[in-house]
Amino acid sequence: MRIKFVYSLVVAVSMFAVFSCSKEWLKPEPLSFYAPENLLINKAGYESMLVTARKNLRNSFYGELNTVVSESIFTELGVAGPLNDNGIRNMNLQLTPSADGNYYVLDNFQWAYRPVRVVNALISRIDDITWDNELDRNEILAEAYFHRAYWYYLLVNQFGDVPFIDKELLEAKLDFYTHSRWAILDRIQSDMEFAVEWLPEQMRPGVPSRSAGKHLLSKICLANRAYEKAVEMASDVIERHPLMRERFGPEVEIAPHRNLFWDLHRPVNVHNAANSETILGVLDRNDLPDEVRTGGLHTMRNYHPAWWNARVLDSKAARGTLDRGDTYDSLGRGNSNLRPSNYYLYELWKDENDLRRKDGNWVLQEELLYNNPASIDFGKPIDPTNFSAIVDTFQHYHSFPFYKTFVPQATTDQVPNGGQGDYYVFRSAETYLLRAEAYYWLGRMESAAADINQVRGRADAAEIAASDVSIETILDERARELFAEEHRKSELVRISYIMAAEGRNGYSIADFSKKNFWYDRVMATNNFYREHLKWGSSECRISPYHVLFPVPADAINTNTLGVINQNQGYPGTERNLPPLTAIVD
(Lines give C-alpha, C1' and ligand atoms only; values in the text may rest on other atoms or scores of the structure.)
Protein backbone atom coordinates (compact mmCIF):
# COMPACT_ATOMS: atom_id res chain seq x y z
CA MET A 1 0.00 0.00 0.00
CA ARG A 2 2.83 2.42 0.84
CA ILE A 3 4.47 1.92 -2.58
CA LYS A 4 1.16 2.56 -4.35
CA PHE A 5 0.59 5.70 -2.29
CA VAL A 6 4.05 7.06 -3.07
CA TYR A 7 3.70 6.44 -6.78
CA SER A 8 0.24 7.97 -6.88
CA LEU A 9 1.86 11.03 -5.39
CA VAL A 10 4.41 10.93 -8.19
CA VAL A 11 1.64 11.24 -10.73
CA ALA A 12 0.13 14.21 -8.97
CA VAL A 13 3.41 16.05 -8.55
CA SER A 14 4.44 15.25 -12.12
CA MET A 15 1.51 17.26 -13.43
CA PHE A 16 3.28 20.54 -12.75
CA ALA A 17 6.59 19.22 -14.09
CA VAL A 18 5.49 18.09 -17.52
CA PHE A 19 6.27 20.45 -20.32
CA SER A 20 5.53 20.91 -23.96
CA CYS A 21 7.74 20.34 -26.97
CA SER A 22 11.30 21.58 -27.32
CA LYS A 23 10.17 24.93 -28.74
CA GLU A 24 9.11 25.81 -25.19
CA TRP A 25 11.86 23.96 -23.39
CA LEU A 26 11.90 26.28 -20.39
CA LYS A 27 8.54 28.01 -20.55
CA PRO A 28 6.89 28.27 -17.10
CA GLU A 29 3.66 26.33 -16.55
CA PRO A 30 0.34 27.95 -15.58
CA LEU A 31 -0.33 27.92 -11.87
CA SER A 32 -2.27 24.95 -10.50
CA PHE A 33 -2.78 23.18 -7.24
CA TYR A 34 0.54 21.48 -7.92
CA ALA A 35 2.45 24.67 -8.70
CA PRO A 36 5.46 25.16 -6.37
CA GLU A 37 3.83 27.97 -4.37
CA ASN A 38 0.94 25.68 -3.52
CA LEU A 39 3.00 22.56 -2.98
CA LEU A 40 6.12 23.78 -1.15
CA ILE A 41 4.44 24.81 2.07
CA ASN A 42 5.82 22.11 4.38
CA LYS A 43 8.36 19.30 4.49
CA ALA A 44 5.94 16.84 2.89
CA GLY A 45 5.55 19.12 -0.13
CA TYR A 46 9.31 19.30 -0.66
CA GLU A 47 9.60 15.53 -0.29
CA SER A 48 6.85 14.99 -2.87
CA MET A 49 8.77 17.08 -5.39
CA LEU A 50 11.79 14.84 -4.81
CA VAL A 51 9.60 11.85 -5.64
CA THR A 52 9.10 13.41 -9.07
CA ALA A 53 12.84 13.93 -9.43
CA ARG A 54 13.49 10.28 -8.57
CA LYS A 55 10.97 9.20 -11.15
CA ASN A 56 12.81 11.26 -13.76
CA LEU A 57 15.94 9.16 -13.19
CA ARG A 58 14.19 6.39 -15.14
CA ASN A 59 14.20 8.41 -18.36
CA SER A 60 17.58 7.16 -19.59
CA PHE A 61 16.93 3.46 -19.11
CA TYR A 62 13.33 2.61 -20.04
CA GLY A 63 11.52 2.40 -23.33
CA GLU A 64 12.52 1.80 -26.92
CA LEU A 65 15.48 3.86 -28.15
CA ASN A 66 16.17 5.26 -24.68
CA THR A 67 19.18 7.49 -24.01
CA VAL A 68 21.54 4.62 -23.19
CA VAL A 69 20.67 3.03 -26.56
CA SER A 70 20.87 6.28 -28.54
CA GLU A 71 24.27 7.08 -27.00
CA SER A 72 25.58 3.60 -27.74
CA ILE A 73 25.20 3.87 -31.52
CA PHE A 74 27.87 6.60 -31.39
CA THR A 75 30.44 4.29 -29.76
CA GLU A 76 32.47 1.13 -30.21
CA LEU A 77 29.50 -0.98 -29.09
CA GLY A 78 27.57 -0.95 -32.36
CA VAL A 79 25.32 0.96 -34.74
CA ALA A 80 21.62 1.38 -35.48
CA GLY A 81 20.16 -1.90 -36.71
CA PRO A 82 16.65 -1.11 -38.05
CA LEU A 83 16.29 -1.27 -41.83
CA ASN A 84 14.02 1.78 -42.07
CA ASP A 85 15.60 5.03 -43.18
CA ASN A 86 15.12 6.53 -39.73
CA GLY A 87 17.69 4.10 -38.37
CA ILE A 88 20.37 6.76 -37.98
CA ARG A 89 23.62 5.36 -39.40
CA ASN A 90 25.01 8.06 -41.67
CA MET A 91 25.61 10.70 -39.03
CA ASN A 92 26.95 13.17 -41.61
CA LEU A 93 23.55 13.29 -43.32
CA GLN A 94 21.06 12.27 -40.65
CA LEU A 95 22.24 14.10 -37.53
CA THR A 96 21.57 17.84 -37.71
CA PRO A 97 20.29 20.47 -35.26
CA SER A 98 16.81 19.76 -36.64
CA ALA A 99 16.87 16.00 -37.27
CA ASP A 100 18.16 12.83 -35.65
CA GLY A 101 16.45 9.93 -37.38
CA ASN A 102 14.28 8.19 -34.80
CA TYR A 103 16.92 7.93 -32.06
CA TYR A 104 15.80 11.03 -30.11
CA VAL A 105 19.32 12.41 -29.84
CA LEU A 106 18.11 16.01 -29.81
CA ASP A 107 15.53 15.20 -27.16
CA ASN A 108 18.31 14.45 -24.68
CA PHE A 109 18.64 18.23 -24.35
CA GLN A 110 15.13 18.88 -23.09
CA TRP A 111 14.97 15.54 -21.26
CA ALA A 112 17.81 16.77 -19.06
CA TYR A 113 16.43 20.27 -18.55
CA ARG A 114 13.00 18.99 -17.49
CA PRO A 115 14.22 17.46 -14.21
CA VAL A 116 16.58 20.41 -13.71
CA ARG A 117 13.54 22.66 -13.85
CA VAL A 118 11.77 20.59 -11.20
CA VAL A 119 14.60 20.68 -8.67
CA ASN A 120 15.45 24.32 -9.35
CA ALA A 121 12.00 25.25 -8.04
CA LEU A 122 12.77 23.34 -4.87
CA ILE A 123 16.27 24.81 -4.51
CA SER A 124 15.04 28.37 -5.05
CA ARG A 125 12.32 27.94 -2.45
CA ILE A 126 14.25 25.93 0.12
CA ASP A 127 13.99 28.73 2.70
CA ASP A 128 10.40 29.74 1.96
CA ILE A 129 9.29 27.83 5.04
CA THR A 130 10.58 27.58 8.59
CA TRP A 131 12.25 24.20 9.04
CA ASP A 132 12.03 22.27 12.27
CA ASN A 133 15.74 21.48 12.06
CA GLU A 134 18.77 21.94 9.85
CA LEU A 135 18.97 18.23 9.01
CA ASP A 136 15.57 18.17 7.28
CA ARG A 137 16.38 21.24 5.20
CA ASN A 138 19.86 20.20 4.17
CA GLU A 139 18.94 16.60 3.43
CA ILE A 140 16.26 17.74 0.98
CA LEU A 141 18.53 20.37 -0.54
CA ALA A 142 21.31 17.79 -0.88
CA GLU A 143 19.09 15.46 -2.88
CA ALA A 144 17.97 18.33 -5.11
CA TYR A 145 21.64 19.12 -5.80
CA PHE A 146 22.19 15.45 -6.61
CA HIS A 147 19.48 15.44 -9.28
CA ARG A 148 20.66 18.70 -10.84
CA ALA A 149 24.26 17.50 -10.92
CA TYR A 150 23.24 14.14 -12.40
CA TRP A 151 21.56 15.78 -15.39
CA TYR A 152 24.21 18.43 -15.91
CA TYR A 153 26.90 15.75 -15.88
CA LEU A 154 25.12 14.22 -18.87
CA LEU A 155 24.51 17.57 -20.57
CA VAL A 156 28.17 18.63 -20.51
CA ASN A 157 29.26 15.28 -21.91
CA GLN A 158 26.53 15.08 -24.54
CA PHE A 159 26.45 18.73 -25.66
CA GLY A 160 29.56 20.33 -24.14
CA ASP A 161 29.01 24.01 -23.29
CA VAL A 162 25.35 24.65 -22.38
CA PRO A 163 23.34 27.21 -20.39
CA PHE A 164 23.55 26.62 -16.64
CA ILE A 165 20.27 27.41 -14.92
CA ASP A 166 20.41 27.39 -11.13
CA LYS A 167 17.13 28.99 -10.15
CA GLU A 168 13.42 28.71 -10.75
CA LEU A 169 12.12 30.53 -13.81
CA LEU A 170 9.00 32.48 -12.93
CA GLU A 171 8.33 33.92 -16.38
CA ALA A 172 9.25 33.26 -19.99
CA LYS A 173 12.98 33.81 -20.50
CA LEU A 174 14.45 34.42 -23.95
CA ASP A 175 17.98 35.57 -23.06
CA PHE A 176 19.93 32.46 -22.18
CA TYR A 177 23.69 32.34 -22.77
CA THR A 178 26.00 29.35 -22.94
CA HIS A 179 28.27 28.53 -20.01
CA SER A 180 31.62 26.81 -20.27
CA ARG A 181 31.50 23.11 -19.56
CA TRP A 182 34.36 23.59 -17.07
CA ALA A 183 32.46 26.29 -15.15
CA ILE A 184 29.48 23.95 -14.91
CA LEU A 185 31.69 21.13 -13.65
CA ASP A 186 33.15 23.43 -10.98
CA ARG A 187 29.65 24.35 -9.84
CA ILE A 188 28.19 20.86 -9.71
CA GLN A 189 31.32 19.58 -7.98
CA SER A 190 30.86 22.24 -5.31
CA ASP A 191 27.16 21.43 -4.99
CA MET A 192 27.89 17.72 -4.63
CA GLU A 193 30.54 18.34 -1.99
CA PHE A 194 27.74 19.88 0.06
CA ALA A 195 25.36 17.07 -0.89
CA VAL A 196 27.56 14.21 0.27
CA GLU A 197 27.71 15.75 3.72
CA TRP A 198 23.92 15.71 4.05
CA LEU A 199 22.51 12.88 1.96
CA PRO A 200 21.26 10.05 4.18
CA GLU A 201 23.56 7.11 4.77
CA GLN A 202 20.67 4.67 4.82
CA MET A 203 19.73 3.29 1.41
CA ARG A 204 16.11 3.15 0.26
CA PRO A 205 15.00 1.79 -3.13
CA GLY A 206 15.02 4.53 -5.73
CA VAL A 207 16.34 7.22 -3.35
CA PRO A 208 19.84 8.72 -3.68
CA SER A 209 21.92 7.97 -0.59
CA ARG A 210 25.26 9.34 0.53
CA SER A 211 26.99 6.53 -1.39
CA ALA A 212 25.12 7.49 -4.56
CA GLY A 213 26.22 11.07 -4.03
CA LYS A 214 29.85 10.04 -3.63
CA HIS A 215 29.68 7.84 -6.71
CA LEU A 216 28.33 10.75 -8.76
CA LEU A 217 30.87 13.12 -7.24
CA SER A 218 33.63 10.70 -8.21
CA LYS A 219 32.46 10.87 -11.84
CA ILE A 220 32.25 14.66 -11.73
CA CYS A 221 35.73 14.91 -10.20
CA LEU A 222 37.12 12.71 -12.95
CA ALA A 223 35.53 14.95 -15.57
CA ASN A 224 36.96 17.99 -13.76
CA ARG A 225 40.41 16.36 -13.46
CA ALA A 226 40.26 16.35 -9.64
CA TYR A 227 41.68 12.83 -9.53
CA GLU A 228 42.63 12.58 -5.86
CA LYS A 229 39.13 13.65 -4.84
CA ALA A 230 37.70 11.07 -7.25
CA VAL A 231 39.78 8.37 -5.56
CA GLU A 232 38.64 9.51 -2.11
CA MET A 233 34.95 9.44 -3.01
CA ALA A 234 35.15 6.12 -4.84
CA SER A 235 37.05 4.52 -1.95
CA ASP A 236 34.33 5.49 0.51
CA VAL A 237 31.69 3.91 -1.74
CA ILE A 238 33.66 0.71 -2.31
CA GLU A 239 34.07 0.23 1.44
CA ARG A 240 30.29 0.32 1.92
CA HIS A 241 29.31 -1.60 -1.24
CA PRO A 242 31.43 -4.71 -1.80
CA LEU A 243 30.98 -6.63 -5.03
CA MET A 244 28.61 -9.57 -4.97
CA ARG A 245 30.55 -12.83 -5.20
CA GLU A 246 27.97 -15.53 -4.49
CA ARG A 247 24.67 -16.35 -6.13
CA PHE A 248 21.58 -14.79 -4.55
CA GLY A 249 17.89 -14.26 -5.13
CA PRO A 250 14.92 -16.46 -6.04
CA GLU A 251 16.53 -18.21 -9.04
CA VAL A 252 19.36 -19.83 -7.10
CA GLU A 253 17.24 -22.92 -6.50
CA ILE A 254 15.12 -22.96 -9.65
CA ALA A 255 17.95 -22.22 -12.10
CA PRO A 256 21.05 -24.01 -10.78
CA HIS A 257 22.66 -23.92 -14.25
CA ARG A 258 22.99 -20.12 -14.09
CA ASN A 259 25.76 -18.14 -12.39
CA LEU A 260 26.15 -15.00 -10.30
CA PHE A 261 25.87 -12.63 -13.24
CA TRP A 262 22.46 -13.93 -14.14
CA ASP A 263 21.29 -13.22 -10.59
CA LEU A 264 22.94 -9.80 -10.53
CA HIS A 265 20.90 -8.66 -13.52
CA ARG A 266 17.48 -10.00 -12.56
CA PRO A 267 15.32 -6.91 -12.01
CA VAL A 268 13.89 -8.45 -8.85
CA ASN A 269 17.41 -8.55 -7.39
CA VAL A 270 18.37 -4.91 -7.99
CA HIS A 271 16.90 -3.96 -4.61
CA ASN A 272 17.28 -7.35 -2.96
CA ALA A 273 18.50 -6.79 0.59
CA ALA A 274 21.34 -9.24 -0.05
CA ASN A 275 22.68 -7.19 -2.97
CA SER A 276 25.50 -5.12 -1.52
CA GLU A 277 26.53 -3.95 -4.99
CA THR A 278 23.54 -1.68 -5.60
CA ILE A 279 24.33 1.98 -4.98
CA LEU A 280 21.28 3.46 -6.70
CA GLY A 281 18.48 1.86 -8.67
CA VAL A 282 15.14 2.95 -10.08
CA LEU A 283 11.76 1.27 -9.59
CA ASP A 284 9.27 0.08 -12.19
CA ARG A 285 7.19 -2.91 -11.14
CA ASN A 286 4.23 -4.82 -12.51
CA ASP A 287 2.19 -4.35 -9.33
CA LEU A 288 2.34 -0.55 -9.42
CA PRO A 289 -0.63 1.48 -10.68
CA ASP A 290 -0.85 1.73 -14.48
CA GLU A 291 -0.39 5.48 -14.45
CA VAL A 292 3.05 5.33 -12.85
CA ARG A 293 4.52 2.32 -14.63
CA THR A 294 6.69 2.91 -17.67
CA GLY A 295 6.10 1.06 -20.93
CA GLY A 296 8.80 -1.34 -19.80
CA LEU A 297 12.56 -1.66 -20.15
CA HIS A 298 12.39 -2.75 -23.83
CA THR A 299 15.77 -4.41 -23.43
CA MET A 300 14.74 -7.34 -25.64
CA ARG A 301 13.46 -4.97 -28.32
CA ASN A 302 16.56 -2.78 -28.18
CA TYR A 303 19.33 -5.38 -28.00
CA HIS A 304 18.01 -8.62 -29.52
CA PRO A 305 18.10 -9.30 -33.28
CA ALA A 306 14.91 -9.39 -35.37
CA TRP A 307 15.29 -13.18 -35.59
CA TRP A 308 11.47 -13.57 -35.94
CA ASN A 309 11.26 -11.47 -39.14
CA ALA A 310 10.05 -12.73 -42.53
CA ARG A 311 13.53 -12.09 -43.97
CA VAL A 312 14.83 -15.06 -41.96
CA LEU A 313 14.49 -17.74 -44.65
CA ASP A 314 14.87 -21.50 -44.47
CA SER A 315 16.57 -23.81 -46.99
CA LYS A 316 13.53 -23.62 -49.29
CA ALA A 317 13.55 -19.78 -49.27
CA ALA A 318 10.36 -19.89 -47.18
CA ARG A 319 9.72 -18.10 -43.91
CA GLY A 320 11.62 -19.92 -41.17
CA THR A 321 10.63 -17.96 -38.07
CA LEU A 322 7.44 -16.50 -36.61
CA ASP A 323 6.55 -13.82 -34.09
CA ARG A 324 4.62 -16.20 -31.84
CA GLY A 325 5.19 -19.29 -29.74
CA ASP A 326 7.43 -20.12 -26.79
CA THR A 327 10.63 -18.99 -28.52
CA TYR A 328 9.05 -15.63 -29.30
CA ASP A 329 7.99 -15.19 -25.67
CA SER A 330 11.47 -15.99 -24.36
CA LEU A 331 13.68 -14.22 -26.94
CA GLY A 332 11.32 -11.33 -27.58
CA ARG A 333 10.43 -9.14 -30.51
CA GLY A 334 13.96 -7.92 -31.07
CA ASN A 335 14.65 -5.03 -33.41
CA SER A 336 18.42 -4.70 -33.05
CA ASN A 337 18.09 -1.02 -32.19
CA LEU A 338 21.72 -1.40 -31.13
CA ARG A 339 23.36 -3.81 -33.56
CA PRO A 340 26.51 -4.94 -31.73
CA SER A 341 29.89 -4.49 -33.38
CA ASN A 342 32.53 -7.19 -33.70
CA TYR A 343 34.38 -5.39 -30.93
CA TYR A 344 31.58 -6.11 -28.46
CA LEU A 345 30.57 -9.51 -29.81
CA TYR A 346 34.01 -11.06 -30.21
CA GLU A 347 37.10 -8.96 -29.56
CA LEU A 348 36.33 -8.28 -25.90
CA TRP A 349 35.82 -11.92 -25.01
CA LYS A 350 39.20 -13.61 -25.41
CA ASP A 351 39.17 -15.10 -21.90
CA GLU A 352 37.25 -18.37 -22.10
CA ASN A 353 36.78 -18.44 -18.32
CA ASP A 354 34.92 -15.13 -18.12
CA LEU A 355 31.65 -15.91 -16.32
CA ARG A 356 29.90 -13.03 -18.04
CA ARG A 357 30.05 -15.05 -21.24
CA LYS A 358 29.37 -18.52 -19.74
CA ASP A 359 26.58 -20.68 -18.31
CA GLY A 360 23.89 -19.59 -20.73
CA ASN A 361 24.40 -15.88 -20.05
CA TRP A 362 24.53 -15.21 -23.79
CA VAL A 363 22.40 -16.44 -26.66
CA LEU A 364 24.86 -17.07 -29.47
CA GLN A 365 23.68 -16.66 -33.04
CA GLU A 366 24.41 -20.33 -33.66
CA GLU A 367 21.80 -21.18 -31.01
CA LEU A 368 18.95 -19.34 -32.77
CA LEU A 369 16.47 -21.88 -34.18
CA TYR A 370 13.81 -21.89 -36.86
CA ASN A 371 10.50 -21.82 -34.96
CA ASN A 372 7.99 -21.95 -37.82
CA PRO A 373 6.24 -25.36 -37.62
CA ALA A 374 5.50 -25.13 -41.35
CA SER A 375 9.20 -24.78 -42.22
CA ILE A 376 11.13 -27.78 -43.50
CA ASP A 377 13.89 -26.72 -41.11
CA PHE A 378 11.73 -26.36 -38.00
CA GLY A 379 13.84 -26.82 -34.85
CA LYS A 380 17.15 -26.57 -36.69
CA PRO A 381 19.68 -23.75 -36.22
CA ILE A 382 19.07 -20.72 -38.43
CA ASP A 383 21.39 -20.94 -41.46
CA PRO A 384 22.59 -17.48 -42.54
CA THR A 385 23.45 -18.77 -46.01
CA ASN A 386 19.71 -19.10 -46.66
CA PHE A 387 19.17 -15.34 -46.41
CA SER A 388 18.48 -13.61 -49.72
CA ALA A 389 21.56 -11.44 -49.14
CA ILE A 390 24.28 -11.82 -46.52
CA VAL A 391 23.70 -8.23 -45.39
CA ASP A 392 20.22 -9.31 -44.26
CA THR A 393 21.90 -11.03 -41.33
CA PHE A 394 22.91 -7.60 -40.03
CA GLN A 395 19.65 -6.92 -38.19
CA HIS A 396 18.31 -10.46 -37.99
CA TYR A 397 21.17 -12.69 -36.91
CA HIS A 398 23.66 -11.89 -34.15
CA SER A 399 24.51 -12.92 -30.60
CA PHE A 400 23.40 -10.97 -27.53
CA PRO A 401 23.97 -10.86 -23.73
CA PHE A 402 20.75 -12.54 -22.60
CA TYR A 403 21.62 -12.17 -18.91
CA LYS A 404 21.52 -8.38 -19.30
CA THR A 405 18.48 -8.12 -21.54
CA PHE A 406 15.97 -10.84 -20.63
CA VAL A 407 12.99 -9.25 -18.88
CA PRO A 408 9.70 -11.12 -19.35
CA GLN A 409 6.38 -9.35 -19.71
CA ALA A 410 3.81 -9.54 -16.94
CA THR A 411 1.38 -11.49 -19.15
CA THR A 412 1.73 -13.55 -22.32
CA ASP A 413 -0.71 -11.31 -24.21
CA GLN A 414 1.80 -8.45 -24.17
CA VAL A 415 4.35 -7.97 -26.95
CA PRO A 416 7.60 -9.40 -25.52
CA ASN A 417 9.76 -6.30 -25.75
CA GLY A 418 11.12 -6.42 -22.20
CA GLY A 419 8.72 -5.64 -19.37
CA GLN A 420 8.66 -3.80 -16.07
CA GLY A 421 11.51 -4.23 -13.64
CA ASP A 422 13.90 -2.31 -11.41
CA TYR A 423 17.17 -1.20 -12.99
CA TYR A 424 20.62 -0.06 -11.90
CA VAL A 425 21.67 3.56 -12.06
CA PHE A 426 24.93 3.02 -10.14
CA ARG A 427 26.56 -0.15 -8.83
CA SER A 428 29.96 -0.67 -7.29
CA ALA A 429 31.51 -2.56 -10.21
CA GLU A 430 31.54 0.82 -11.95
CA THR A 431 32.94 2.48 -8.83
CA TYR A 432 35.98 0.18 -8.98
CA LEU A 433 36.51 1.13 -12.62
CA LEU A 434 36.10 4.83 -11.87
CA ARG A 435 38.77 4.58 -9.19
CA ALA A 436 40.98 2.56 -11.54
CA GLU A 437 40.70 5.37 -14.08
CA ALA A 438 41.55 8.02 -11.49
CA TYR A 439 44.63 6.00 -10.54
CA TYR A 440 45.53 5.76 -14.23
CA TRP A 441 45.46 9.55 -14.68
CA LEU A 442 47.57 9.85 -11.53
CA GLY A 443 50.12 7.39 -12.92
CA ARG A 444 49.48 4.82 -10.16
CA MET A 445 49.26 1.78 -12.42
CA GLU A 446 49.60 -0.85 -9.69
CA SER A 447 46.55 0.53 -7.93
CA ALA A 448 44.65 0.82 -11.21
CA ALA A 449 45.41 -2.81 -12.07
CA ALA A 450 44.30 -3.94 -8.61
CA ASP A 451 40.88 -2.29 -9.06
CA ILE A 452 40.41 -3.67 -12.56
CA ASN A 453 41.34 -7.10 -11.23
CA GLN A 454 38.64 -6.89 -8.58
CA VAL A 455 36.07 -6.71 -11.38
CA ARG A 456 37.84 -9.28 -13.55
CA GLY A 457 38.50 -11.65 -10.67
CA ARG A 458 34.84 -11.69 -9.69
CA ALA A 459 34.16 -12.89 -13.25
CA ASP A 460 36.94 -15.53 -13.10
CA ALA A 461 38.82 -13.65 -15.82
CA ALA A 462 42.62 -13.61 -15.73
CA GLU A 463 44.27 -10.77 -13.88
CA ILE A 464 46.13 -8.04 -15.74
CA ALA A 465 49.52 -6.59 -14.81
CA ALA A 466 50.25 -2.96 -14.05
CA SER A 467 52.08 -2.77 -17.37
CA ASP A 468 48.83 -3.71 -19.14
CA VAL A 469 46.89 -0.74 -17.79
CA SER A 470 45.79 1.84 -20.34
CA ILE A 471 42.69 3.90 -20.91
CA GLU A 472 41.74 1.32 -23.54
CA THR A 473 42.03 -1.47 -20.96
CA ILE A 474 39.70 0.39 -18.62
CA LEU A 475 37.18 1.09 -21.38
CA ASP A 476 37.25 -2.55 -22.46
CA GLU A 477 36.40 -3.64 -18.93
CA ARG A 478 33.63 -1.08 -18.71
CA ALA A 479 32.17 -2.50 -21.94
CA ARG A 480 32.21 -6.05 -20.57
CA GLU A 481 30.73 -5.09 -17.24
CA LEU A 482 28.41 -2.16 -17.95
CA PHE A 483 26.83 -2.88 -21.35
CA ALA A 484 23.25 -1.52 -21.44
CA GLU A 485 23.85 0.26 -18.10
CA GLU A 486 26.24 3.13 -18.78
CA HIS A 487 25.90 6.25 -20.90
CA ARG A 488 28.74 5.00 -23.04
CA LYS A 489 29.23 8.01 -25.30
CA SER A 490 29.15 10.41 -22.37
CA GLU A 491 31.94 8.46 -20.69
CA LEU A 492 34.01 8.41 -23.89
CA VAL A 493 33.50 12.15 -24.34
CA ARG A 494 34.46 12.79 -20.72
CA ILE A 495 37.73 10.94 -21.32
CA SER A 496 38.23 12.77 -24.62
CA TYR A 497 37.99 16.12 -22.83
CA ILE A 498 40.55 14.99 -20.26
CA MET A 499 43.00 13.96 -22.97
CA ALA A 500 42.46 17.21 -24.86
CA ALA A 501 42.84 19.36 -21.74
CA GLU A 502 46.07 17.61 -20.83
CA GLY A 503 47.43 17.57 -24.38
CA ARG A 504 47.78 13.81 -24.46
CA ASN A 505 48.42 12.00 -27.74
CA GLY A 506 48.29 15.23 -29.73
CA TYR A 507 44.74 16.13 -28.70
CA SER A 508 43.77 19.69 -27.76
CA ILE A 509 40.71 21.67 -26.72
CA ALA A 510 41.29 24.09 -29.61
CA ASP A 511 40.86 21.31 -32.19
CA PHE A 512 38.41 19.21 -30.20
CA SER A 513 35.80 19.03 -32.97
CA LYS A 514 38.40 18.04 -35.58
CA LYS A 515 40.61 15.57 -33.70
CA ASN A 516 39.61 13.75 -30.53
CA PHE A 517 40.01 10.46 -28.71
CA TRP A 518 36.33 9.53 -29.07
CA TYR A 519 36.44 9.48 -32.86
CA ASP A 520 39.80 7.71 -33.06
CA ARG A 521 38.65 4.98 -30.70
CA VAL A 522 35.32 4.46 -32.47
CA MET A 523 37.00 4.20 -35.85
CA ALA A 524 39.64 1.81 -34.49
CA THR A 525 37.11 -0.55 -32.90
CA ASN A 526 33.72 -0.27 -34.66
CA ASN A 527 33.94 -2.31 -37.86
CA PHE A 528 30.69 -0.90 -39.27
CA TYR A 529 31.84 2.73 -39.25
CA ARG A 530 35.32 1.78 -40.39
CA GLU A 531 34.00 -0.22 -43.34
CA HIS A 532 31.01 2.02 -44.12
CA LEU A 533 28.60 -0.91 -44.15
CA LYS A 534 25.43 -0.11 -46.06
CA TRP A 535 22.07 -1.32 -44.76
CA GLY A 536 18.93 -0.02 -46.39
CA SER A 537 19.50 3.35 -48.02
CA SER A 538 22.13 4.56 -45.57
CA GLU A 539 25.66 3.53 -44.78
CA CYS A 540 27.52 3.78 -41.50
CA ARG A 541 29.49 7.03 -41.34
CA ILE A 542 30.63 9.20 -38.48
CA SER A 543 32.89 12.26 -38.20
CA PRO A 544 35.09 13.83 -35.49
CA TYR A 545 32.65 16.69 -34.83
CA HIS A 546 30.00 14.19 -33.74
CA VAL A 547 31.96 13.96 -30.49
CA LEU A 548 29.24 16.37 -29.28
CA PHE A 549 25.57 16.22 -30.16
CA PRO A 550 24.07 19.25 -31.94
CA VAL A 551 22.19 21.67 -29.74
CA PRO A 552 18.57 21.57 -30.96
CA ALA A 553 17.80 24.37 -33.42
CA ASP A 554 14.51 25.03 -31.62
CA ALA A 555 16.29 25.88 -28.38
CA ILE A 556 18.65 28.27 -30.20
CA ASN A 557 16.10 29.93 -32.49
CA THR A 558 13.49 30.66 -29.82
CA ASN A 559 16.12 32.23 -27.55
CA THR A 560 15.71 35.56 -29.34
CA LEU A 561 17.28 37.87 -26.74
CA GLY A 562 20.39 35.81 -25.99
CA VAL A 563 22.79 33.39 -27.64
CA ILE A 564 22.94 29.65 -27.09
CA ASN A 565 25.99 28.33 -28.92
CA GLN A 566 25.91 25.59 -31.53
CA ASN A 567 28.64 22.96 -31.49
CA GLN A 568 31.35 23.11 -34.12
CA GLY A 569 30.66 21.12 -37.27
CA TYR A 570 26.92 21.80 -37.29
CA PRO A 571 25.22 24.71 -39.08
CA GLY A 572 24.64 27.81 -36.96
CA THR A 573 28.05 28.33 -35.33
CA GLU A 574 28.48 31.75 -36.95
CA ARG A 575 26.39 33.30 -34.13
CA ASN A 576 28.42 31.74 -31.32
CA LEU A 577 29.89 33.85 -28.54
CA PRO A 578 32.65 32.85 -26.10
CA PRO A 579 30.97 30.77 -23.37
CA LEU A 580 30.54 32.33 -19.95
CA THR A 581 33.28 31.19 -17.60
CA ALA A 582 31.59 32.25 -14.36
CA ILE A 583 28.20 31.31 -12.99
CA VAL A 584 26.73 34.33 -11.26
CA ASP A 585 23.86 33.78 -8.82
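Since the model is a prediction, treat every value here as computed from it, not as a measurement.
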Among T52, N56, L57, find the residue that satisfies the side chain to side chain contact (heavy atoms under 4.5 Å, CB included) test when tested with H147.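 Going through T52, N56, L57 one by one, the side chain to side chain contact (heavy atoms under 4.5 Å, CB included) with H147 is satisfied by L57 alone.
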Going by the angle between their ring planes, with limits at 30° and 60°, are [X] and [Y] parallel, tilted or perpendicular?
| X | Y | result |
| --- | --- | --- |
| Y497 | F512 | parallel |
| Y403 | F261 | perpendicular |
| Y113 | Y152 | perpendicular |
| Y150 | H487 | perpendicular |
| Y344 | F483 | parallel |

Donor-acceptor contact below 3.5 Å, side chain [X] vs main chain [Y]:
| X | Y | value |
| --- | --- | --- |
| S180 | W182 | yes |
| R478 | L433 | no |
| N275 | N269 | yes |
| R54 | G206 | no |

Using side-chain heavy atoms (C-beta onward) and a distance below 4.5 Å, is [X] in contact with [Y]?
| X | Y | result |
| --- | --- | --- |
| E47 | I140 | yes |
| I123 | L141 | yes |
| F176 | I165 | yes |

Side-chain ion pair, [X] and [Y], N-O less than 4.0 Å:
| X | Y | answer |
| --- | --- | --- |
| E485 | R427 | yes |
| D284 | R293 | no |
| E491 | R488 | no |
| E486 | K219 | no |
| R521 | E472 | no |

About how many Å separate CG of D186 and CG of D191, when rounded to the nearest 0.5 Å?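 Answer rounded to 0.5 Å: 11.0 Å.
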Stepwise salt bridge (charged side-chain N to carboxylate O under 4.0 Å, His left out) check, E477 with R356: CA-CA 11 Å; E477 204 59 47; R356 292 167 292 197; 2.8 Å; yes
Given Y519, F74, W518, Y570, the one that forms ring-ring contact (aromatic ring centres under 6.0 Å, His included) with Y545: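 So the option named by the test is Y570.
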Are [X] and [Y] linked by a side-chain donor-acceptor pair shorter than 3.5 Å?
| X | Y | result |
| --- | --- | --- |
| N120 | R148 | yes |
| T67 | N108 | yes |
| R458 | Q454 | no |
| N526 | S341 | no |
| H241 | T431 | no |

Name of the residue among N337, T405, N417, N335 meeting side-chain hydrogen bond (donor to acceptor under 3.5 Å, both in side chains) with H304: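 The passing option is T405.
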In a check of salt bridge (charged side-chain N to carboxylate O under 4.0 Å, His left out) between D236 and each of R435, R210, K229, K214, which one passes?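 The salt bridge (charged side-chain N to carboxylate O under 4.0 Å, His left out) with D236 is passed solely by K214 among R435, R210, K229, K214.
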Please check if the number of heavy atoms outside Y104 that lie under 6.0 Å from its OH is greater than 12.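 Counting neighbours around OH of Y104, 12 or fewer heavy atoms of other residues, nucleotides or ligands fall under 6.0 Å, so no.
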